[in-house]
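Everything quoted here is computed from the prediction, not taken from an experiment. Order of the sequence lines fixes the chain letters, A, B, ..., with proteins taken first and strands second; residue numbering starts at 1 for each chain.
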Amino acid sequence: MSKYTAPRGTKDITPDDMPFWHYIESTSRSLFSLYNYQEIRTPVFEHTELFERGIGDSTDIVEKEMYTFSDKGDRRLTLRPEGTAPIVRAYVQHGMHSKSKVSKLYYCGPMFRYERPQAGRYRQFHQIGVESLGSALPICDAEVIAMGVHLFDELGLSGLSVAINSVGCPVCRPVIEERLKQFIGLNLEHLCGDCNRRFDSRPLRILDCKNSTCKTYMTGLPDIRDSLCHECKDHFNYVVGYLDNLGIPFQINPQLVRGLDYYTRTTFEIGSDQLGAQNALCGGGRYDGLVSQLGGPATPAVGFAFGIERAVMILQEMSDYHQRVNPLVYVAPVGFDQVAKSFLLVDRIRRAGYRVELETSKNELKTHLKQADKLNARLVLIYGEDEANVDKVLVRRMADRTQELIPFDHALEYIVSELEDDTF
RNA sequence: GUGGACGUAGCUCAGUUGGCAGAGCACCAGAUUGUGGCUCUGGUGGUCGUGGGUUCGAGCCCCAUCGUUCACCCCA
């Protein structure tokens with residue numbers, strides 16, 4: 001073990017992992033553009049107050065999970081623990097509401113939460129998320145959910161399931177909480193400490209408690225949907241109807257509650273059976289009050305975010321996933337005198353758009369070929385004294401061990417035609 | 001913040017009641033001079049996470065500490 005290691009809860013994304021990341025990022029970008037979303041990038045740190053106001057003072061994230069510090073100018077700053085509040089801040093700051101009725105944005109980047117690391121959970125993790133601001137119509141909720149499902153289909157992720165719920169609005173939320181408290185209050189002394197603490201501050205979260213004894217007292221629970229106001233009920237039914245209409249499979253889960261305060265009405269989660277205990281790949285919902293709460297005009301909005309690390313985990317579990325890479329050309333000068341001319345050829349091939357490895361630290365053909373084999377090269381260009389004397393290059397096809405002497409100045413076109421031949 | 005498991009070579013791990021630090025993979029070099037994957041031979045590589053204690057003697061036992069990992073909590 002070396003003396004310096006990556007800090008607890010962080011990790012290096014090594015070249016071996018990188019193809020997965022590129023695949024997820026590029027697939028996301030092109031899919032989001034199909035839905036006419038545009039990218040936005042915000043700072044990795046913000047004023048602490050933004051998260052305190054936006055996410056909610058009594059949430060776990062704000063209470064104990066934020067990386068907060070003061071800079072040399074005594075500003076209270078926080079490494080962003082999530083993406084939505086900063087997007088909304090930028091939306092308000094740049095007056096985007098006055099540029100078009102609806103703003104459809106996506107983002108990608110690192111988030112930071114001070115938690116105990118675990119399978120699929122890191123202190124620095126990465127999210128890709130979308131936010132649709134400006135429309136209260138239930139079709140928007142459905143479109144956002146459909147976009148998430150579409151993306152994971154496109155990525156080829158299997159074993160996913162969609163859960164959906166409504167947590168109500170400022171009108172009916174108090175009613176829901178009151179009914180819940182009436183029901184739970186009967187057995188409050190039997191519930192765990194966390195649940196007792198949440199009874200007053202965040203009663204909805206008791207629904208989500210994993211404690212098995214608490215769960216037993218949840219049977220016979222009044223369905224949260226019965227307490228929704230008419231508008232919320234209608235909204236929910238439309239969302240569900242649109243999803244049915246698209247044939248997207250989902251489950252209504254009345255226990256599904258999000259840990260962030262800003263959610264209203266629709267909440268949803270896309271989970272995987274391949275992630276261990278932290279099985280949520282993607283979470284999101286509607287947040288109609290956040291923009292005005294952060295000083296903007298009353299603006300309804302809906303969005304989601306998913307964890308890239310968790311998506312990578314699922315891809316790596318899938319054995320049939322295979323990455324396509326460009327073929328490699330390995331150039332083997334035999335002898336120092338042949339290096340300069342080889343370099344010239346290498347330059348031509350690269351400018352033609354092909355991947356080339358030039359190895360000059362080996363002087364034996366045998367070790368060159370071993371190395372080329374290890375790098376999985378498709379072609380090896382052998383250029384030694386014999387070739388230099390007749391101004392030719394020996395082009396060897398590794399797959400069938402055949403080779404051909406090509407005049408140096410015609411080598412490029414020959415190599416290109418070999419590489420374009422996709423029979424390998 | 002709480003609980004369990006684990007820290008030995010670059011990687012995966014053996015290591016007996018406490019008695020010379022090991023294997024496989026990987027890497028490097030060879031098996032007669034310019035032809036790779038298989039095979040064979042040899043080699044590089046470790047302050048046994050760190051600090052203390054017990055002992056003639058500790059990779060092994062005890063304490064502490066740091067880290068990794070899984071789970072709780074919470075979330076992506």
query: Is any side-chain heavy atom of A/Y91 closer than 4.5 Å to a side-chain heavy atom of A/S103?
result: yes
task: Rounded to the nearest angstrom, tell me the gap between atom CZ in A/R113 and atom C1' in B/rC73.
output: 14 Å
- prompt: Which nucleotide, in any strand shown, forms a Watson-Crick or G-U wobble pair with B/rA5, with both distances under 3.5 Å?
  reply: B/rU68
Polar atom pairs (N or O), protein with nucleotides 1-3 of chain B, under 3.5 Å:
{"from": "B/rU2", "atom 1": "O4", "to": "A/R116", "atom 2": "NE", "distance (Å)": "3.4"}
{"from": "B/rU2", "atom 1": "O4", "to": "A/R116", "atom 2": "NH1", "distance (Å)": "3.2"}
{"from": "B/rU2", "atom 1": "O4", "to": "A/R116", "atom 2": "NH2", "distance (Å)": "3.1"}
{"from": "B/rG3", "atom 1": "O6", "to": "A/R116", "atom 2": "NH2", "distance (Å)": "3.3"}

- prompt: Taking for each residue the nucleotide of RNA chain B with the nearest heavy atom, is it A/E82 or A/R396 whose nucleotide lies nearer the 5' end?
  reply: A/R396
- request: Quick one: label A/E309 by what it contacts on the DNA or RNA (base, sugar-phosphate, nothing), any heavy atom closer than 4.0 Å.
  value: nothing
message: Expressed as a whole number of angstroms, how long is the span from A/D373:CG to B/rG37:P?
response: 7 Å
message: For B/rC72 and A/Q278 - does any side-chain N or O of the residue sit under 4.0 Å from the phosphate oxygens OP1/OP2?
response: yes
Whole angstrom value for the distance that separates C1' of B/rU32 from NZ of A/K366: 10 Å
query: Nearest-Å distance, CG (A/D386) to C1' (B/rU33)?
result: 12 Å
task: Kindly determine whether A/T402 and A/D400 satisfy side-chain hydrogen bond (donor to acceptor under 3.5 Å, both in side chains), including the steps that lead there.
output: CA-CA 6 Å; A/T402 58; A/D400 57 12; 2.7 Å; yes
- prompt: So, is A/K374 near the phosphate of B/rC27, with a side-chain N or O under 4.0 Å from OP1 or OP2?
  reply: yes
query: For A/F250, which of A/I145, A/I270, A/V240 qualifies under side-chain contact (heavy atoms from CB on, under 4.5 Å)?
result: A/V240
- request: Figure out the NZ/P separation between A/K64 and B/rC72, and round it to whole Å.
  value: 14 Å
message: If you define the side chain from C-beta out and look only at heavy atoms, does anything of A/I415 sit under 4.5 Å from A/Y354?
response: no
Under 3.5 Å, which N/O atoms of the protein pair with N/O atoms of nucleotides 39-48 of chain B?
none

message: So that I can tick it off, tell me whether A/D391 and A/K341 are bridged by a salt bridge, with the cut-off set at under 4.0 angstrom between side-chain N and carboxylate O.
response: yes
field: A/L155 CG - B/rA76 P separation (whole Å)
entry: 19 Å
task: Please determine, for the side chain of A/I382, which listed nucleotide (B/rG30, B/rU35, B/rA71) has the closest atom?
output: B/rU35
query: When rounded to the nearest Å, what value does the distance between P atoms of B/rG15 and B/rC6 take?
result: 13 Å
- request: Rounded to the nearest angstrom, tell me the gap between atom CZ in A/R8 and atom P in B/rU65.
  value: 14 Å
- prompt: Pick from A/E131, A/Q293, A/R258: which one makes a side chain to side chain donor-acceptor pair (under 3.5 Å) with A/Y287?
  reply: A/E131
- request: Mind checking A/G129 for me? I need base, sugar-phosphate or nothing, with any heavy atom below 4.0 Å counting as a touch.
  value: nothing
- prompt: In terms of side-chain heavy atoms of A/D60, which of B/rG34, B/rC73, B/rU69 is nearest?
  reply: B/rC73
- line: The ring-ring contact (aromatic ring centres under 6.0 Å, His included) partners of A/Y37 (sequence neighbours excluded) come to none
field: Ring-ring centroid check A/F45 A/F112, cutoff 6.0 Å
entry: no
field: A/F236 six-ring face occupied by A/R265 cation (under 6.0 Å, within 45°)
entry: no
statement: Between A/T402 and A/A277, the residue closer to the 5' end of RNA chain B by nearest nucleotide is A/T402
- prompt: Hey, what do you get for NZ (A/K104) to CG (A/L133), rounding to the nearest 0.5 Å?
  reply: 11.5 Å
query: When rounded to the nearest Å, what value does the distance between P atoms of B/rC25 and B/rU33 take?
result: 27 Å
- request: For B/rC40 and B/rA23, measure between their P atoms and round to the nearest Å.
  value: 16 Å
Centroid separation A/F306 to A/F152 less than 6.0 Å: yes
- request: Would you indicate, yes or no, if B/rC72 has its OP1 or OP2 atom less than 4.0 angstrom from a side-chain nitrogen or oxygen of A/Q118?
  value: yes
- prompt: Roughly how many Å is it from CG in A/D12 to P in B/rC11, rounded to a whole number?
  reply: 13 Å
Minimum-distance nucleotide (side-chain atoms of A/L394 versus B/rA71, B/rG34, B/rA76): B/rG34
- request: Give one of base, sugar-phosphate or nothing for A/A372, where a contact means two heavy atoms less than 4.0 Å apart.
  value: nothing
task: Tell which nucleotide pairs with B/rU47, taking only Watson-Crick or G-U wobble pairs whose two distances are both under 3.5 angstrom.
output: none
message: Within the 4.0 Å heavy-atom criterion, would you say A/E65 contacts the bases, only the backbone, or no part of the nucleic acid?
response: sugar-phosphate
task: Looking at every strand, decide which applies to A/E63 at a 4.0 Å heavy-atom threshold: base, sugar-phosphate, or nothing.
output: nothing
- request: Please work out if A/M111 contacts a base, only the sugar-phosphate, or nothing of the nucleic acid, heavy-atom cut-off 4.0 Å.
  value: nothing
- prompt: With both distances under 3.5 Å as the test, what is the Watson-Crick or G-U wobble partner of B/rU17?
  reply: none
query: Considering only the C1' atoms, how many Å lie between B/rG46 and B/rU12, rounded to the nearest integer?
result: 16 Å
task: Mark this stacking check for A/F306 against B/rA76 as yes or no, applying ring centres under 5.5 Å and ring planes under 30°.
output: no
message: Please report the interatomic distance CD(A/E65) to OG1(A/T59), rounded to the nearest 0.5 Å.
response: 8.0 Å
task: Counting heavy atoms from C-beta on, name the nucleotide in B/rU35, B/rA71, B/rU69 closest to the side chain of A/P117.
output: B/rU69
- prompt: Applying a 3.5 Å limit to both distances, which nucleotide forms a Watson-Crick or G-U wobble pair with B/rG42?
  reply: B/rC28
message: Taking pairing as Watson-Crick or G-U wobble with both contacts under 3.5 Å, can you name the mate of B/rG37, or confirm there isn't one?
response: none
- prompt: P atom, B/rG24 versus B/rG34: distance in rounded Å?
  reply: 32 Å
